[in-house]
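Throughout, a chain's letter reflects where its sequence line sits, starting with A, and its residues are numbered from 1.
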2 protein chains.
Amino acid sequence: MVYSALLLGSLLALPAFGQTFRRTAACPDLGCVFPPDQTDFIAGQTFDLRIEVQAPVNGSEAYNNGTPDSNFSLKIGGQGGELVDAAQFFGLSDPPVEKYNFTYYEDLFAEDAKAPTPVNVLAKSYRNLQLYNPGTYEVVLSYNNGQHTKATWTVLPLAETKKAKNVIFFVGDGMAGSMLSAARLLGHKTINGKYQSKLKLDEAPGYGSQMTHSLDSFITDSANSASALFSGKKMTVNGLNAYTDSTGKPFGDPKVETIFEMFRRIEGGQIGIVSKAYIADATPAAVCTHTSQRSQYNTIIEQYLNGVSGNYSWYPWQGVDLLFGGGAENFLPSNANGNVSQFERWSSYGYQVGYTKTELEAFDNSQRALAIFTQGNISTWLDQNVYTDALDLAVTPQGKRGARDQPGLKDMTLKAIDILHTRAKERNTGFMLMSEAALIDKEMHVLDIDRALGEVLELDDTVRATLKHLEEIGELEDTLIVVTADHGHGFDVFGSADTKYLKEQKTDRTKRNAIGTYQNSGLSAYQVPQNVLPTNQTIFKSEQGEGFPITWDPRYTIAHGMSAFPNHRDDFEVNKDHERLPATKNQKNSSDSGYFFNPEDNQRGFEMTGNLGINDGQGVHSLVDVPIYSFGPGHELFRGILNSPDLAFKIAQALDLGKNSNVTSYYKK
Amino acid sequence: MVYSALLLGSLLALPAFGQTFRRTAACPDLGCVFPPDQTDFIAGQTFDLRIEVQAPVNGSEAYNNGTPDSNFSLKIGGQGGELVDAAQFFGLSDPPVEKYNFTYYEDLFAEDAKAPTPVNVLAKSYRNLQLYNPGTYEVVLSYNNGQHTKATWTVLPLAETKKAKNVIFFVGDGMAGSMLSAARLLGHKTINGKYQSKLKLDEAPGYGSQMTHSLDSFITDSANSASALFSGKKMTVNGLNAYTDSTGKPFGDPKVETIFEMFRRIEGGQIGIVSKAYIADATPAAVCTHTSQRSQYNTIIEQYLNGVSGNYSWYPWQGVDLLFGGGAENFLPSNANGNVSQFERWSSYGYQVGYTKTELEAFDNSQRALAIFTQGNISTWLDQNVYTDALDLAVTPQGKRGARDQPGLKDMTLKAIDILHTRAKERNTGFMLMSEAALIDKEMHVLDIDRALGEVLELDDTVRATLKHLEEIGELEDTLIVVTADHGHGFDVFGSADTKYLKEQKTDRTKRNAIGTYQNSGLSAYQVPQNVLPTNQTIFKSEQGEGFPITWDPRYTIAHGMSAFPNHRDDFEVNKDHERLPATKNQKNSSDSGYFFNPEDNQRGFEMTGNLGINDGQGVHSLVDVPIYSFGPGHELFRGILNSPDLAFKIAQALDLGKNSNVTSYYKK
């Protein structure tokens, strides 16, 4: 880890590039080890090991005319013990050497000049490995006449007790703490500074936060960050439980087993996946699929059912127990999936298949189930519950406009619990459910704050209903519930906007004077009917139940801002017709292909020039640590400030997943 | 609290104004009770009680031609018991009736039309009250022929045990959680996704968050929010431990006692105040001063020494034990303070007086002390430690440019602990210290992110040093340390900026393409020397010690944004010469008196049009809940999601401040 003084001298002479693009993630030298230095493992967790030796042909790291050292070797050993050849250590035959090349840009100037750096590579992969003994291991790749890339791995101690039988892991995708503050303001009322009701999440007995950064960049995407939460390994952007190697290919990258997969393998437990996104999206996919390219939607659907196929397979995967979400387009026959109907395929595997909320509710709780309600994402809570005309635009699984028989997150989650609970009880196992409030993120990306906050409130309502339902079915004492986000968006409320005043002003500058800050922000006008003073101390009831606004369209709305955005207009009014589209490309201006103000969006608002690259038409993820709320047995493990992989390790601890010998249960379909 | 159906009907007919301006805070009807409904008290906490009966002359709430009901009455009683006349209940003679009027605007249209609403008022104040018995109390103001304004007050239970002898309360003014994430990125290094060192705050055994909203608006200022933290009562913006009545006068408003004042009164304990702001600023002032107008700087200085004077005084206040900060201008003789030198005055009261870090360090630890190092705020950590030429602009207490002998927050805090500890030990008492990292807020207001994050890192360094020092002097086991903010600013990091690329681009739009998001954000370049790749795994040492950047001026900086801002330019480079000034008024354009881009600021950056009212030249506070970090005895009380007043109550609990009889110790100077 710490370079010698001599080597440091040569590194200090390098130019200061390498931030925007990296030759290969987690490969600071010309030799790469995956999993990299400082990786932690659950005892017995399955993984692949890959090494690469790279030789750039030109550029600042050029080596030996681009000829990588073929005389490389890999040794491994327990700390303090002798290092032995890796194949010998794992009891494998020596894997074949791969040989290929790739290119990358050293910086933005090189990209503008179209001057890539070619790199030649030799590589080896060791697959289906486990480390059973807690402690540290040293891994040393030797190459280039005495250079070493070293990795220290740690296998975490075994749990002392099993605390929980079941785990429900809620992910509020993109949900920063600031959004909880804003959602509380919309959904709950203060009198004289005291909230008369609060979010269910506000009552969590366990509260903490976690750092979401990537393996090799400080801003993450959702594949990367969900993999960290579910496998305990940070990845590169777009990676699903697989370290992105330098091949550029989507499969074959070194994989890591998730806690959901371990739970199934070791206990034969029930696994459920629920999301409001298209179900091949990154967060649900991170439960049990493996690829360096999250966009491999068709393969992800297939992996839910059959696991990784072919040479890279570890052990038979017998399908998730339930999968509820959107994204029917990836299940229908297409060129991309070899004209297979995944609906028919799943049905042939014995799954109940449904397409509507009505069918969801009619599912037999003792049978495995697939339910896909829309093409694309499921409709937002606001569209399903308040501005329902927007459902005319939603597309049914079969491709028709007007998907009106859709469930919300609560409907899907409670039904998932019923099925998992019933099946687990019949088989004397437990269950793990991942339920994702996916559209918080989608709506924040398009700056549709009202829809995003509706999703936050729906998540909170779902958690409230989940706790109640677990109590009703007698599983509350045995079920750990963790609610967190995979990353944030830079967002905050900074005052109120007098929308009536704003739209009557004629210029962008005078419109801005409609904003009230500090004492002029006033009280939440979302918790009184439209013509009632916000200072009114009556508790009004929302049509959508406890914890939702009385109106989404008060005269005085929240004034909010993002830290990163494309060009757009702000008017601080709810978009009743459909989700926002803040920026579009200007067809008339052929000299600038970037994004401009969408002429159709928020026409009465004032213009905000973006601060993102002009090819970004949406907001982006941010650095902020995100909150963790926990309930039930083991909740105390999730207090304080954690790193994203810690959540996987703590869930493994609560479920007692770490094993010091090979444990594979027979899963009963 | 809940209106009758009849009354509700009439309220529903009102127009939807009243958000931007309020007739009077916490006065939803025409009768006001301060402290208002739902106020909580520490047993024995001193307070004033005020009632008002208002009659608007015109407008939507016009009543009886503007003649308030003189036939009003106030009754109070323990819950379930008989209500008795308030004067009788408190054993006072009936206070005189005040009669006056004020005006306010119903909304922005009324303001533009210069059409205020006059209101006539009758009022009474009952002063120097205590409620000793835990439980609830009912307060009923009757007026206008049967209308009632009711308040339910709760006196919280007494503590079962005293957990802590001393309390150190750190306030990171304006410090949102997002700033900790960013400060960690600058001050600490990751290797393969794992931080090699962390913030000291990351290790806090107690972690929670708190809601910062005001009594009557969802965005707070620092007076209001610090009063909530220190007295357990939310206030109106600009209010320091006093409910803002409708008189418009700065004094005479109903006051509430702070935990610092109670600690002094009950235990005779030592009180210290440290801030990097001018010391009459809101957060230090909230420790023990009382006014509805935080701008009463000269009186605040006098109150630190002698408490509230005249008719409104409760009991003798014998001066804080130490006061360290900036703001000498309020101590020098001026017309505003009757040409009194407060330096001479404090000296005549027996205080040691100092003006430099050298003098601070030479203070006798057994004597009370006043140390004021600058006019205006103390210089930022970045100016004191990295870009020290900026100190040429800093003004000494005596009014000369070039104040170079200034302390940092750590210097002031450790010396304060030494004095408080020594004096407390000699008197067999404990101590309470409020130490404020004030400039996080000041720098966030002017969008100077580097200076703001330097202050966050300085706070973290100060907490680290404080824990170490408490251990050295044997007080660690007896000292509760709470670190929190009074409010946030909407801020986040969303990527990196290639500053070299940015400044070479010619247009605002192409400059934006220098920003790297997601995988292109890369690793922190602040933790390697300027010409070293951020992927380098060496741990470099900062010249400023553990937990600070290696460089503040890397080619690849953080790309950051605020949720609210005036017009300004972003170039994402540190400002080496002095603090930023993002927006200025355009002298040439007499038709628009608002703020525009400062022509001198970030000239190579791209323009961002603001989203604040054009008369706001700075960023503003935001809604986000802020983090709480706690260490030492009682830290577990500060876990989870709290409301800002809860912190005062929990500190009172840890110190056992609640008393069911009048306790007043003799404080030994």
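- Once rounded to the nearest 0.5 Å, the distance linking CE of A:M211 with NZ of B:K198 reads 4.5 Å.
- Taking the six-membered ring where tryptophan is involved, the planes of A:Y518 and B:H621 are perpendicular, since the angle between them exceeds 60° and thus also 30°.
- Between B:S521 and A:S217, the closest heavy-atom pair is OG-CB, 3.4 Å.
- A donor-acceptor pair under 3.5 Å is absent between the side-chain atoms of B:N513 and the main chain of A:G613, judged by distance alone.
- Between A:E607 atom CD and B:T609 atom OG1 the span is 8.0 Å, to the nearest 0.5 Å.
- Ring centroid separation for the pair B:F494 and A:H489 does not come in under the 6.0 Å cut-off.
- Contacts of B:Y595 classified as ring pair (Phe, Tyr, Trp, His ring centres under 6.0 Å), with partners at least two apart in sequence or in another chain: none.
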Exercise. Could you please spell out the steps behind the side-chain contact (heavy atoms from CB on, under 4.5 Å) verdict for B:D37 and A:I191?
Key: CA-CA 8 Å; B:D37 186 37; A:I191 292 179; 4.3 Å; yes

Quiz prompt | Verdict with supporting geometry, A:K500 and B:D107, side-chain contact (heavy atoms from CB on, under 4.5 Å) | solution = CA-CA 11 Å; A:K500 181 177 175 188; B:D107 68 6; 5.7 Å; no

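- B:N643 touches chain A through its side chain: at least one heavy atom from C-beta onward sits under 4.5 Å away, while N, CA, C and O do not.
- Of the two parts of B:S496, the backbone and the side chain both hold a non-hydrogen atom closer than 4.5 Å to a non-hydrogen atom of chain A.
- For the set A:D221, A:D498, A:N611, A:V620, the entry with the most heavy-atom pairs within less than 4.5 Å of chain B is A:N611.
- Nearest heavy atoms, A:G522 versus B:R22: CA-NH1, 3.3 Å.
- Taking chain A as the reference chain and counting heavy-atom pairs below 4.5 Å, the highest number among B:P645, B:S214, B:G495 is found for B:G495.
- The candidate with the highest count of non-hydrogen atom pairs below 4.5 Å against chain B, out of A:K233, A:H213, A:R509, is A:R509.
- The candidate from A:E203, A:M179, A:E504 with the greatest count of non-hydrogen atom pairs under 4.5 Å with chain B is A:E504.
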Exercise. Test side-chain hydrogen bond (donor to acceptor under 3.5 Å, both in side chains) on A:D492 and B:S622 and set out the steps.
Key: CA-CA 6 Å; A:D492 215 339; B:S622 72; 2.5 Å; yes

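- The distance from the CZ atom of A:F21 to the CG atom of B:N520 is 5.5 Å, given to the nearest 0.5 Å.
- Per-residue heavy-atom pair counts under 4.5 Å with chain B were compared for A:G208, A:G177, A:G516, and the maximum is reached by A:G208.
- For B:A514 against A:L108, the heavy-atom pair with the smallest separation is CA-CD1, 3.9 Å.
- Side chain of A:Q19 to main chain of B:L523: a donor-acceptor pair is present (N/O by atom type, distance under 3.5 Å, no hydrogens or angles).
- Side-chain N or O atoms of B:K194 include one that pairs as donor or acceptor with a backbone N or O of A:Q38 at under 3.5 Å.
- Neither the backbone nor the side chain of B:L642 comes within less than 4.5 Å of any heavy atom in chain A.
- Interface remark: A:R639 contributes side-chain atoms only to the contact with chain B (heavy atom separation under 4.5 Å).
- Rounding to the nearest 0.5 Å places CD1 of A:I515 at 9.0 Å from CG of B:D616.
- Interatomic distance, CD of B:E111 versus OH of A:Y501, reported as 7.5 Å (0.5 Å rounding).
- Shown here for B:L623 and A:L185, the closest heavy-atom pair between the two residues is CD2-CD2, 4.0 Å.
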Self-check item: Step-by-step side-chain contact (heavy atoms from CB on, under 4.5 Å) determination, B:T190 to A:F218
Solution: CA-CA 9 Å; B:T190 56; A:F218 53 77; over 6 Å; no

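- With respect to chain B, the highest number of heavy-atom pairs below 4.5 Å among A:F606, A:F491, A:F565, A:Y207 belongs to A:Y207.
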Quiz item: Where do B:T517 and A:L612 land on the side-chain contact (heavy atoms from CB on, under 4.5 Å) test, with the steps shown first?
Solution: CA-CA 9 Å; B:T517 57; A:L612 286 166; 4.0 Å; yes

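- Contacts of A:S222 classified as side chain to side chain donor-acceptor pair (under 3.5 Å), with partners at least two apart in sequence or in another chain: A:D173, A:D486, A:H487.
- Here the shortest heavy-atom pairing between B:M608 and A:G610 reads SD-O, 3.8 Å.
- Contacts with chain B were tallied for A:S209, A:A204, A:A182; A:S209 has the most, counting heavy-atom pairs under 4.5 Å.
- The shortest heavy-atom contact between A:L215 and B:N192 is CD1-O, 3.3 Å.
- For the options B:N567, B:N615, B:L199, heavy-atom pairs under 4.5 Å to chain A are most numerous at B:N567.
- One distance of note links OG of A:S181 with CG of B:D625; it measures 3.0 Å at 0.5 Å rounding.
- Put simply, the side chain of B:R512 never gets that close to the backbone of A:I614: no donor and acceptor are under 3.5 Å apart.
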